Undergrad: 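The structure follows.
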Amino acid sequence: MAFPRLIFFLMLAIIPICNAQGLKLGYYEKTCPGAEAIVEKTTSHYISRAPTLAAPLLRMHFHDCFIRGCDGSVLLNSTKNNLAEIDAIPNQSLRGFQVIEAAKSELEQKCPGVVSCADILALVARDAISLIKGPYWNVPLGRRDGKVSIMLEALFNLPPPFANITTLKAQFASVGLNAKDLVVLSGGHTIGNSHCSSFTSRIYNFTGKGDTDPTMDANYVARLKSKCTSINDVKTIVEMDPGSFKIFDGSYYSLVEKRRGLFQSDAALLDDNETKAYVKLQAMSHGSTFFKDFAESMEKMGRIGVLTGKAGEIRKRCSFIN
Ligand code: HEM
Ligand SMILES: *[C@@H]1O[C@H](CO)[C@@H](O)[C@H](O)[C@H]1NC(C)=O
Ligand SMILES: *[C@@H]1O[C@H](CO)[C@@H](O)[C@H](O)[C@H]1NC(C)=O
Ligand SMILES: *[C@@H]1O[C@H](CO)[C@@H](O)[C@H](O)[C@H]1NC(C)=O
Ligand SMILES: *[C@@H]1O[C@H](CO)[C@@H](O)[C@H](O)[C@H]1NC(C)=O
Ligand SMILES: *[C@@H]1O[C@H](CO)[C@@H](O)[C@H](O)[C@H]1NC(C)=O
């Protein structure tokens, strides 16, 4: 009976690989030993000097995955004939490209043409959050880089800050993420900053009558108005999780529960029973399962529409196709 048992164990070994759509933990172990350590060291170099870079790096990975899958398309520069994602309005405040480029150039010296920019971005986002004492998640590797980046796709595929719960759920569903992933990943707003322009209509002209979103806590509205002095304020930035914007924790859910979510998309999590129940649970328990849930949903997000096998390419420089 040894033979069937062997097959059984072989299947156990193969199934997780299939589930990962061809991505694999330790994918570069043989082709570029130390690749993950190089990315970690580079990320650490930057994050130790500028911890606030962790937020835009996480957001960059999210944007990459939601447009054409996690294929590094968010990193591509515009060209004479093509406006890339990078030049879309939602790119505002995307920064940290230098971290990706630094890791890439070291990897190109060590093993030219092996490690994709999409994988580097996925690793950098994980390492950055882990370095600021946030959750740690597995990053199966083997993504290849896309050759296309289109500004308008960023506009259509990224949920806008004024999205309602129906739109949010639909946009997440369209990339294979469910309502739980939506409420868990929105918790990424526990760190970072926002430009006033992403929410001033909510506090200055909600329905076109010079009014305020009635679902937002009045004290919070007043506070935001003192920071963002007009609906046309495009320069000022505010902390998304005031007082705790550098700390990756469950405080986002307490804010949302207290009707202090910054965007309509944050507040909208109270408009659906499942997402609302999750907000309440995390608020009450100080984010008891948030780290574990975040790690699971990030790993799932990192698999959206990946290119593997012979699809795409391994870019030489992350801002340009070969
Ligand atoms: C659910 C739909 C989402 C919407 C509508 C949304 C919208 C936004 C907006 C408008 C900003 C501010 C940009 C600015 O004005 O500078 C922002 C910032 C941010 N978002 Fe989201 N987001 C969503 C989901 C996510 C997800 C899934 C993540 C990551 C897991 C994420 C991570 C971040 C981070 C870390 C920042 C702060 C960036 C910084 O400090 O530069 N967001 N988001
Ligand atoms: C990408 O384009 C911008 C503006 O067109 C330019 O300033 C920048 O240097 C380019 N990036 C690279 C890596 O060439
Ligand atoms: C974002 O797009 C604007 C144009 O809409 C552009 O001026 C800016 O340089 C872009 N930001 C980044 C980080 O590429
Ligand atoms: C949500 O927003 C979409 C797009 O703006 C709109 O068509 C829809 O009617 C809204 N749904 C609800 C329940 O408000
Ligand atoms: C508020 O919105 C209405 C309708 O879109 C517009 O006519 C009005 O000028 C806006 N007010 C401000 C202060 O922007
Ligand atoms: C959501 O919860 C409310 C109140 O408990 C209930 O009346 C409603 O039927 C629920 N809706 C769904 C779709 O489960």
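Counting starts at 1 for both ligands and their atoms, in listed order. Bear in mind that the values here come from a model prediction, so they are computed numbers and not experimental data.
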Undergrad: So, using side chain to side chain contact (heavy atoms under 4.5 Å, CB included) as the criterion, who are the partners of L270 when residues are at least two apart?
TA: V256, K276, V279
Undergrad: I'd like to check which ligand 1 atoms, numbered from 1 as shown, lie under 4.0 Å from a non-hydrogen atom of F172.
TA: 1 (C)
Undergrad: Would you indicate whether H45, at its atom NE2, is surrounded by more than 12 heavy atoms from other residues, nucleotides or ligands within a distance under 6.0 Å?
TA: yes
Undergrad: I'd like to check R202 versus T215 (side-chain heavy atoms, cut-off strictly below 4.5 Å). Are they in contact?
TA: yes
Undergrad: Could you tell me, atom by atom, which parts of ligand 1 come under 4.0 Å of a heavy atom of G192?
TA: 37 (C), 40 (O)
Undergrad: Apply salt bridge (Lys or Arg N to Asp or Glu O under 4.0 Å) to K41 and list each qualifying residue two or more places apart in sequence or on a separate chain.
TA: E106
Undergrad: Going by distance alone, is a donor N or O of one side chain under 3.5 Å from an acceptor N or O of the other, for D266 and H189?
TA: yes
Undergrad: Just by distance, do the side chain of S116 and the backbone of D119 share a donor-acceptor pair under 3.5 Å?
TA: yes
Undergrad: Would you tell me whether D127 and S130 have side-chain atoms, one donor and one acceptor, within less than 3.5 Å of each other?
TA: no
Undergrad: Do side-chain atoms of R68 reach the backbone of C65 as a donor and acceptor pair under 3.5 angstrom?
TA: no
Undergrad: Would you check, one step at a time, whether the test salt bridge (Lys or Arg N to Asp or Glu O under 4.0 Å) holds for D217 with K258?
TA: CA-CA 7 Å; D217 173 79; K258 286 189 264 184; over 6 Å; no
Undergrad: Taking everything shown except E29 itself, do over 12 heavy atoms lie less than 6.0 Å from its CD?
TA: no
Undergrad: May I ask you to list the atoms of ligand 1 that are less than 4.0 angstrom from any heavy atom of P160?
TA: 5 (C)
Undergrad: According to the ring pair (Phe, Tyr, Trp, His ring centres under 6.0 Å) rule, which pairs have a member within residues 137-166, sequence neighbours left out?
TA: W137-F294
Undergrad: Between D211 and Y204, is any side-chain donor less than 3.5 angstrom from a side-chain acceptor?
TA: no
Undergrad: Using modelled atom types and a 3.5 Å cut-off, is there a donor and acceptor pairing between side-chain atoms of N82 and backbone atoms of S78?
TA: no
Undergrad: Taking heavy atoms and a distance under 4.0 Å, where does P159 meet ligand 1: side chain, backbone, both or neither?
TA: both
Undergrad: State the atoms of ligand 1, each with its element, that fall below the 4.0 Å cut-off from a heavy-atom position in P161.
TA: 5 (C), 10 (C)
Undergrad: Can we say R144 and D71 salt-bridge, meaning some charged N sits less than 4.0 Å from an Asp/Glu carboxylate O?
TA: no
Undergrad: Below 3.5 angstrom, do we get any N/O pair linking H189 and ligand 1?
TA: yes
Undergrad: Examine ligand 1 and decide if any of its atoms is less than 4.0 Å from a heavy atom belonging to A163.
TA: no
Undergrad: What are the atoms of ligand 5, with element, lying closer than 4.0 Å to any heavy atom of N205?
TA: 1 (C), 2 (O), 3 (C), 8 (C), 10 (C), 11 (N), 12 (C), 14 (O)
Undergrad: In terms of atom number and element, which parts of ligand 1 are under 4.0 angstrom from non-hydrogen atoms of S265?
TA: 4 (C), 5 (C)
Undergrad: Closer than 4.0 Å to some heavy atom of N193 - which atoms of ligand 1 meet that?
TA: 37 (C), 38 (C), 39 (C), 40 (O)
Undergrad: Taking distance alone, with no angle check, do S186 and ligand 1 share an N/O pair under 3.5 Å?
TA: no
Undergrad: Decide whether an N or O pair under 3.5 Å exists between K209 and ligand 5.
TA: no
Undergrad: Has M240 got any heavy atom lying under 4.0 angstrom from an atom of ligand 1?
TA: yes
Undergrad: Looking only at heavy atoms of F245, does any of them come nearer than 4.0 Å to an atom of ligand 1?
TA: no
Undergrad: So if I count the atoms of ligand 1 from 1 in the order they appear, which ones are less than 4.0 Å from some heavy atom of A55?
TA: 35 (C), 39 (C), 40 (O)
Undergrad: Taking only heavy atoms of G188 into account, list the atoms of ligand 1 that are under 4.0 Å away from them.
TA: 35 (C)
Undergrad: Determine whether the side chains of T167 and N164 contain a donor N or O and an acceptor N or O closer than 3.5 Å.
TA: yes
Undergrad: Could you pull out, from F263, F62, F162, the option with a heavy atom nearest to atom 27 (C) of ligand 1?
TA: F62
Undergrad: Nearest heavy atom to atom 16 (O) of ligand 1: which of H61, H195, R59, R95 does it belong to?
TA: H195
Undergrad: Write down, by chain and number, every protein residue that brings a non-hydrogen atom to less than 4.0 Å from an atom of ligand 4.
TA: N164, T166, T167
